[in-house]
Amino acid sequence: MKYTAAYRRFKEIDAMIREGCIAKKHKKVADMAQALGVSCRTIQRDIAYMTSSEIGLPIQYNANAHTYYYTDEDLQTCSFANLLLNPKDKQVLAFARSLMLSFFYNTESYLEVCKTFDTLMERLEYTQAFIDGPMPTALLIALKNPLCHFDIYDFVHAINSDVCLWIEMMAEPDIKDICVFIRPVHVIYAWSSWYLLYIDTTFSYRSEDFKILELSKVSFCHRATKKENSSIPHIEYRIEDAQKYDSSKPVYSACRIGIEHNGNNEHFEYLTIDIYGESCIPYCMQYRRNPDNTLGAACSFHPWAKQEQRERKMLTRILDML
């Protein structure tokens, strides 16, 4: 809350100084302090930080009038909001926008994703003009759209809403489809296919309890009721530990593709998924890729698991410190 309040003051101070320049009536410290409900000393300290090398805003001070202002040139090119994103940051955002639109191309979520990115860009001064310029449009990404019988975003929304699902999986010909009750954990894109990592009622807080399926095998899904939703536990904590679970400490997830070689000069690809956090039981799973693009049974204990666990704990401590 302390840093959030400071950020808001920086933004307001920058806006008031800009307004004063436009109105040709430069702002005094006392005026800004009164508007923000803080002391003059706080405003002076904030401006000193805003003009330091940490942020580097070119705010000028008129010693005779005791006012702060921007030059005409700086008024057009500099702002607190714009300094939060440098050109490289904007290129990454443009790349992410292109990547996400390619992911959701020809789905019901395409327009929603497009609208979300455009809204984000509009809130950052000058960034919208950058996104619409020639630089990002030169970078386009085309991804293979795997066959799915529904919108991937249905699963993403269920995960964000903490909702369990009933899904129907297509079986072999002449065999009735299988209906399964699950709690979705992650939607994963790998090898030009979508996969769903999930748990079910058999989950007992072990890495081998996680299951994964290729979403092209799912023919139907619908949300569970509130009563049904409580029958599958959460991966972060046991039911008896729910009251003392610290939700302020985030749970991190990561996945990567690797290649393993055996003694017969053969190799296979595998997907590794890590879920960890200071207040979460650490999970580490491996799924072997089969020729038909499905993933094999999980392997939760691999030769480098201990080293990875140490690295995860170190990363968690660093992130908590930050």
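Computed from a prediction, not measured in an experiment: that's the story for all the values here.
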Enquirer: Are Ile22 and Tyr68 connected, step by step, through hydrophobic side chains (Ile, Leu, Val, Met, Phe, Trp, Tyr) whose heavy atoms are closer than 4.5 Å?
Expert: yes
Enquirer: Give every donor-acceptor pair under 3.5 Å between a side-chain atom in residues 56-66 and any protein atom, sequence neighbours left out.
Expert:
residue: Gln60; atom: NE2; partner: Pro58; partner atom: O; Å: 3.3
residue: Tyr61; atom: OH; partner: His66; partner atom: ND1; Å: 3.0
residue: Asn62; atom: OD1; partner: Asn64; partner atom: N; Å: 3.0
residue: Asn62; atom: OD1; partner: Ala65; partner atom: N; Å: 3.1
residue: His66; atom: ND1; partner: Ala63; partner atom: O; Å: 3.4

Enquirer: Heavy atoms only: give me the nearest Val38-Ile43 pair and the separation to one decimal.
Expert: CG2-CD1, 3.7 Å
Enquirer: What closest approach, in Å, do Thr201 and Ser231 show between heavy atoms, and which atom pair accounts for it?
Expert: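 What the structure gives for the nearest pair is CG2-O, 4.1 Å.
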Enquirer: So do the side chains of Thr225 and Trp166 get within less than 4.5 Å of each other, counting heavy atoms only?
Expert: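 A side-chain contact under 4.5 Å is absent here.
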Enquirer: Any side-chain heavy-atom pair from Arg289 and Ile257 closer than 4.5 angstrom?
Expert: no
Enquirer: With rounding to the nearest 0.5 angstrom, report the OG to CZ distance, Ser39 to Arg45.
Expert: 6.5 Å
Enquirer: Supply the atom-to-atom distance Leu271 CG to Leu197 CG, rounded to the nearest 0.5 angstrom.
Expert: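 Between atom CG of Leu271 and atom CG of Leu197 there are 8.5 Å.
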Enquirer: For a 4.5 angstrom cut-off between non-hydrogen side-chain atoms, does Glu12 reach Met32?
Expert: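 Heavy-atom side-chain distance check fails, nothing below 4.5 Å.
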Enquirer: Tell me every residue that passes side chain to side chain contact (heavy atoms under 4.5 Å, CB included) with Gln44, counting only those two or more places apart in sequence or in another chain.
Expert: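 By the side chain to side chain contact (heavy atoms under 4.5 Å, CB included) rule, Gln44 matches Val29.
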Enquirer: For the CD atom of Glu168 and the NE2 atom of His222, what is their distance to the nearest 0.5 Å?
Expert: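 It comes to 8.5 Å.
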Enquirer: Give me the atom names and distance for the closest heavy-atom approach of Pro282 to Ser207.
Expert: O-OG, 4.4 Å
Enquirer: Considering all heavy atoms of both residues, which atom of Pro184 and which atom of Cys164 are nearest to each other, and what is their separation?
Expert: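 That closest heavy-atom pairing would be CD-CA, 4.3 Å.
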Enquirer: Would a distance-only check, ignoring hydrogens and angles, find a side-chain to backbone donor-acceptor pair under 3.5 Å from Ser161 to Ala158?
Expert: no
Enquirer: Show the nearest heavy-atom pair for residues Tyr198 and Ile182, with the distance to one decimal.
Expert: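 Nearest pair, atom of Tyr198 first, then Ile182: CD1-CG2, 3.3 Å.
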Enquirer: Taking the side chain as every heavy atom from C-beta outward, state whether Asp31 and Met16 have any atom pair closer than 4.5 Å.
Expert: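 Answer no - side chains too far apart.
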Enquirer: Ring-plane angle category for Tyr195 and Trp191, please: parallel below 30°, perpendicular beyond 60°, tilted otherwise.
Expert: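 Judged by the thresholds at 30° and 60°, the geometry between Tyr195 and Trp191 is perpendicular.
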Enquirer: Could you measure the distance from the CE atom of Met285 to the CD1 atom of Ile273? Nearest 0.5 Å is fine.
Expert: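 The distance works out to 5.0 Å.
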Enquirer: Are Leu165 and Leu213 connected in the hydrophobic side-chain network, where two residues link if heavy atoms are under 4.5 Å apart?
Expert: yes
Enquirer: Kindly indicate whether the side chain of Arg223, heavy atoms from C-beta on, has any atom under 4.5 Å from the side chain of Asn229.
Expert: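 Sidechains of Asn229 and Arg223: no contact.
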Enquirer: Would you please indicate yes or no on a ring centroid separation below 6.0 angstrom for Tyr205 and Tyr283?
Expert: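 Judged by ring-centre distance (under 6.0 Å), Tyr283 and Tyr205 do not meet the cut-off.
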Enquirer: Identify whether Ile275 and Ile188 are in the same connected component of the hydrophobic contact network (ILVMFWY, side-chain heavy atoms under 4.5 Å).
Expert: yes
Enquirer: Distance only, no hydrogens: is a donor on one side chain within 3.5 Å (strictly under) of an acceptor on the other, for Asp74 and Tyr69?
Expert: no
Enquirer: Just how far is it from atom CZ of Phe203 to atom CD1 of Ile235, taken to the nearest 0.5 Å?
Expert: 6.5 Å
Enquirer: Quick one: does His234's side chain get under 4.5 Å of Asp162's, heavy atoms only?
Expert: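 His234 reaches Asp162 side chain to side chain.
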Enquirer: Less than 4.5 Å apart, any side-chain heavy atom of Lys211 and any of Thr202?
Expert: yes
Enquirer: Ser219 versus Met169: any side-chain heavy-atom pair under 4.5 Å?
Expert: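 With C-beta onward as the side chain, the pair stays apart.
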Enquirer: If you take all heavy atoms of His186 and Ser253, which pair is closest and at what distance?
Expert: NE2-OG, 2.8 Å
Enquirer: Decide whether Ile178 and Phe155 are clustered together by the hydrophobic rule: side chain heavy atoms of Ile, Leu, Val, Met, Phe, Trp, Tyr closer than 4.5 Å, transitively.
Expert: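 Yes.
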Enquirer: Give, for atom CZ of Phe181 and atom CD1 of Ile167, the distance between the pair rounded to the nearest 0.5 Å.
Expert: 11.0 Å
Enquirer: Return yes if some donor-acceptor pair links the side-chain N/O of Asp292 with the main-chain N/O of Thr294 below 3.5 Å, else return no.
Expert: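 Yes, because the side chain of Asp292 sits within donor-acceptor range (under 3.5 Å) of the backbone of Thr294.
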Enquirer: Above 12 or not: heavy atoms from other molecules or residues under 6.0 Å from CG of Asp72?
Expert: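 No.
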Enquirer: Give a yes or no on whether a salt bridge exists between Arg206 and Asp209, defined as a side-chain N under 4.0 angstrom from a carboxylate O.
Expert: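 Answer for the salt bridge query: yes.
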